[in-house]
Amino acid sequence: MKKRGLIIVLFLSMLCMTGCGDKENQKRKNVYINEYEKIVHETAEVEKGDITPTLEFDVVCDTFERKNYYPVLDEMEVDQIYVSEGDVVQKGDVLITFKSGDIEEQIAGYKVTLDQQQLLLEHYRNLALIDTGADYSEQIKMLESDIEITNLYISELNAKLNSYSIIAEGEGTVAAMSDFLEYGIVNSNNNIITVVYGTGDYYATVKDDYEFVVGEIYEGIYAKSVYSLELIDVEISENEQGEQVQNLHFSIAMDGVTKVEKLSVTVEKNTMSDVLFVPQEAVFQVGEKYYVYTIDQQGFREAVEVTVGQTVDEKTIIESSLVEGDKVVIN
């Protein structure tokens with residue numbers, strides 16, 4: 001009996017060890033180790049060439065008036081739009097018209113009646129001259145009264161018709177057009193068009209050493225319109241941070257052109273020849289220093305401190321530590 005019990009215990013022990021081993025092997029089979037993968041960086045080459053930097057700034061009008069136009073009635077249906085944003089308009093120009101129903105037909109009908117009344121009046125006046133023995137005063141008086149009433153109706157209808165048009169009150173520039181116009185129906189609380197009127201000059205403060213010349217003409221852009229700006233004064237001063245700035249004073253170089261609130265000016269500076277440059281996104285800053293990552297022959301990257309110049313059109317000029325053809329990592 002002791003021997004049989006020993007055999008049973010040994011069998012159960014071996015069975016347990018076999019089961020545990022199978023479980024451990026199963027766990028090992030579920031573990032997958034990836035092969036070594038080398039990191040591939042997106043790179044760009046250091047280039048050499050000419051770069052023309054630009055100086056961009058806004059000039060602001062010192063005085064201007066903004067006029068908002070609203071429909072007179074609710075649920076007015078847009079007929080025609082005669083202007084777009086940036087257009088220069090003159091006093092009396094029709095900007096927008098609305099469908100006026102039968103008003104124009106009524107006016108046309110009254111004008112036909114008026115013509116007939118005037119012809120008949122002239123006829124009676126001629127008869128009075130020819131036939132001096134007859135009295136046509138009553139007919140003439142009635143026709144004159146009818147003509148006065150007809151003109152009154154026409155004037156009232158024309159006044160009503162004017163409410164179906166948006167007309168410029170002066171010389172100005174279209175600054176904004178409402179999105180409501182695209183839907184074709186507008187209400188009296190909708191500001192559908194804004195026109196800016198002004199007579200002042202333009203001013204700008206620029207923190208740059210570009211040499212502006214008094215008397216030169218610069219282009220100011222608003223929407224699709226281009227204005228000629230004449231520089232009439234340059235004053236050098238310091239801002240609150242103690243930096244030197246140039247205060248510029250411009251005037252419109254074209255007579256009779258109304259100004260807008262703000263214009264954008266772009267000036268091309270002197271071309272820099274044979275300079276090294278990299279994509280702007282390749283340069284990063286740590287503290288007050290600038291770095292790029294270069295790629296060696298084994299494909300590994302290394303941080304290199306560089307001296308940078310201006311950034312023009314997303315290209316940063318490199319003044320030290322790199323040569324043409326070096327590869328840098330794009331961050």
Listed partners of Glu156 passing side-chain contact (heavy atoms from CB on, under 4.5 Å), at least two apart: Leu152, Tyr153
Only pairs at least two apart or in different chains count here, so list each side chain to side chain donor-acceptor pair (under 3.5 Å) that has a residue in residues 181-196. Asn68-Asn191, Asn68-Thr194, Asp74-Ser188, Asn191-Thr194
Sequence neighbours excluded - salt bridge (Lys or Arg N to Asp or Glu O under 4.0 Å) pairs with any residue from residues 297-323: none
Test of understanding: with salt bridge (Lys or Arg N to Asp or Glu O under 4.0 Å), list the residues that count as partners of Glu122, not counting sequence neighbours. none
A side-chain contact here means heavy atoms from C-beta on lying under 4.5 Å apart; do Leu119 and Leu121 qualify? no
At their closest point, which heavy atom of Ile221 faces which heavy atom of Ala223, and how far apart are they? CG2-O, 3.7 Å
Please identify each residue that fulfils salt bridge (Lys or Arg N to Asp or Glu O under 4.0 Å) with Lys67, with sequence neighbours left out. Glu169
Listing, residues 263-275 side-chain donor-acceptor contacts under 3.5 Å, not counting sequence neighbours, or none:
unit_1, atom_1, unit_2, atom_2, d
Ser264, OG, Asp58, OD1, 3.2
Lys269, NZ, Asp208, OD1, 3.1
Lys269, NZ, Asp208, OD2, 3.2
Thr271, OG1, Thr52, OG1, 2.8

Listed pairs under 3.5 Å, donor-acceptor, residues 128-147 side chains, sequence neighbours left out:
unit_1, atom_1, unit_2, atom_2, d
Asp131, OD1, Gly133, N, 3.3
Asp135, OD1, Ser137, N, 3.0
Asp135, OD1, Ser137, OG, 2.7
Asp135, OD2, Ser137, OG, 3.3
Glu144, OE2, Arg125, NH2, 2.6

Measuring only between side-chain heavy atoms, which start at C-beta, is Ile317 closer than 4.5 Å to Ile51? yes
Remaining members of hydrophobic cluster (4.5 Å side-chain criterion), Ile295: Phe284, Val286, Tyr291, Tyr293, Val329
If the condition is salt bridge (Lys or Arg N to Asp or Glu O under 4.0 Å), which residues does Lys262 pass it with, not counting sequence neighbours? none
Given Thr311 and Thr316, is the side-chain hydrogen bond (donor to acceptor under 3.5 Å, both in side chains) satisfied, shown in steps? CA-CA 4 Å; Thr311 296; Thr316 299; 3.0 Å; yes
Does a side-chain heavy-atom distance below 4.5 Å link Thr173 with Val89? no
Members sharing Val213's hydrophobic cluster, built from side-chain contacts under 4.5 Å between Ile, Leu, Val, Met, Phe, Trp and Tyr, are none
Passing option when Lys327 is tested against Thr43, Val292, Thr294, Leu322 for side-chain contact (heavy atoms from CB on, under 4.5 Å): Thr43
Start with the C-alpha gap between Ser251 and Asp201, add the side-chain angles, then the distance that decides, and say whether side-chain hydrogen bond (donor to acceptor under 3.5 Å, both in side chains) holds. CA-CA 5 Å; Ser251 66; Asp201 289 339; 4.8 Å; no
Does Phe250 reach the side chain of Tyr203, with side-chain heavy atoms less than 4.5 Å apart? no
Just by distance, do the side chain of Asp115 and the backbone of Val112 share a donor-acceptor pair under 3.5 Å? no
State whether a side-chain donor-acceptor pair under 3.5 Å links Asp87 with Ser84. yes
Donor-acceptor contact below 3.5 Å, side chain Tyr222 vs main chain Ala175: yes
Salt bridge or not for Glu243 and Lys207, using N-O below 4.0 Å? yes
Distance-only donor-acceptor pairs under 3.5 Å for side chains of residues 95-105, two or more places apart:
unit_1, atom_1, unit_2, atom_2, d
Thr97, OG1, Gln80, N, 3.3
Lys99, NZ, Glu77, OE2, 3.1
Asp102, OD1, Gln106, NE2, 3.2
Asp102, OD2, Gln106, NE2, 3.4

Residue pair Ile166 / Val94, side-chain heavy-atom distance below 4.5 Å: no
Using the side-chain contact (heavy atoms from CB on, under 4.5 Å) criterion, which residues pair with Ser225? Sequence neighbours excluded. Tyr227
